[in-house]
Amino acid sequence: MNTVFLGLGSNIYPKAKNLSSAIAGLSSLLNIISVSGVYKSRSLLLDAQPDYFNIVLKASTFINPCQLLSFCKTIEKIMHRDTPYKWGPRNIDIDIIDFDKRIIKSKSLFLPHKEFPYRTFVVLPLLEIEPDYVHPENHISVEKMYDLLDNHSEIHRLGELKWR
């Protein structure tokens, strides 16, 4: 059994419902162990977008990393993720943050997710559900990652997500 962490985000209404729907879809192949609270953050690259709702979930699964990536893309497609440009608004975005502490660097898959240690909207929810997490490549704890980030005031915890 593999332990995985996924980051989910939505900035198209209804954001919380989109996150819950994605979890429901993911539950068909993943055993969801825990889900962070919902965090509100500004769009990372394009200021004219609505704010994001973000969560991190921990799950277990028997599928391999490539199958998980394909499955996440399928869920995004089923949920009509369709943006006319890169980093545009989206009703759902699903990223594999970590897959059983494996280090993979290929054209289609980079694990752990190479940008996550620099994204407060991933680090803070991960810290909430897995405070003992240590990055398998750089060996930095999630708590230290959070301390190194300087944009703490740009993210706000909104509360719990109804996902069951």
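Here the structure is a predicted model, which is why all the values come from computation and not from measurement.
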Electrostatic pair E128:K58 at N-O distance under 4.0 angstrom =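 Salt bridge: no.
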key: Carboxylate-amine/guanidinium proximity below 4.0 Å for K40 and D51   =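 A salt bridge links K40 with D51.
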request  = Apply the test salt bridge (charged side-chain N to carboxylate O under 4.0 Å, His left out) to residues R90 and E76: give CA-CA distance (whole Å), side-chain angles for both, the deciding distance (0.1 Å), then the verdict.
outcome  = CA-CA 9 Å; R90 56 199 71 182; E76 289 177 341; over 6 Å; no
Closest contact, heavy atoms only, P117 versus V123 =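 Scanning both residues, the minimum pair turns out to be O-CG2, 3.8 Å.
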task = Taking all heavy atoms of P65 and all of R102, pick out the closest pair and write down the distance.
result =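 Scanning both residues, the minimum pair turns out to be CD-NH1, 3.3 Å.
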For the [atom1] atom on [X], are there more than 12 heavy atoms of other groups (residues, nucleotides or ligands in this structure) within a distance under 6.0 Å?
X: Q67; atom1: CD; value: yes
X: F110; atom1: CZ; value: yes
X: K101; atom1: NZ; value: yes

ask   = Hey, which of V142, V35, V56 is the one that makes side-chain contact (heavy atoms from CB on, under 4.5 Å) with I129?
value =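 With I129 as partner, side-chain contact (heavy atoms from CB on, under 4.5 Å) holds for just one option, V56.
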Among I55, L30, D95, the one residue meeting side-chain contact (heavy atoms from CB on, under 4.5 Å) with L6 =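 Result for side-chain contact (heavy atoms from CB on, under 4.5 Å) with L6: L30.
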query = Is the H135 to F116 ring centre distance short of 6.0 Å?
reply =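 Yes: the rings meet the under 6.0 Å criterion.
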inquiry  = Quick check on the 6.0 Å ring-centre criterion: do Y133 and F5 meet it?
reply    =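 For Y133 and F5, the ring centres are under 6.0 Å apart.
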ask   = Who pairs with E115 by side chain to side chain donor-acceptor pair (under 3.5 Å), at least two apart in sequence or on another chain?
value =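 In terms of side chain to side chain donor-acceptor pair (under 3.5 Å), with neighbours along the sequence ignored, E115 is linked to no residue.
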request  = Verify whether one side chain among S10 and N91 offers a donor that lies under 3.5 Å from an acceptor in the other.
outcome  =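 Absent: no donor and acceptor within the cut-off.
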key: Pair T61, N2: side-chain N/O donor-acceptor within cut-off below 3.5 Å   =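 Not at all, the side chains of T61 and N2 share no donor-acceptor pair under 3.5 Å.
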If two hydrophobic side chains count as joined below 4.5 Å and joins carry through other members, does [X] share a cluster with [Y]?
X: M79; Y: I96; answer: yes
X: I63; Y: L57; answer: yes
X: I92; Y: I12; answer: no

request  = Determine yes or no for a side-chain-to-main-chain donor-acceptor pair under 3.5 angstrom, with T74 supplying the side chain and S70 the backbone.
outcome  =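 Judged by distance alone, yes, a pair lies under 3.5 Å.
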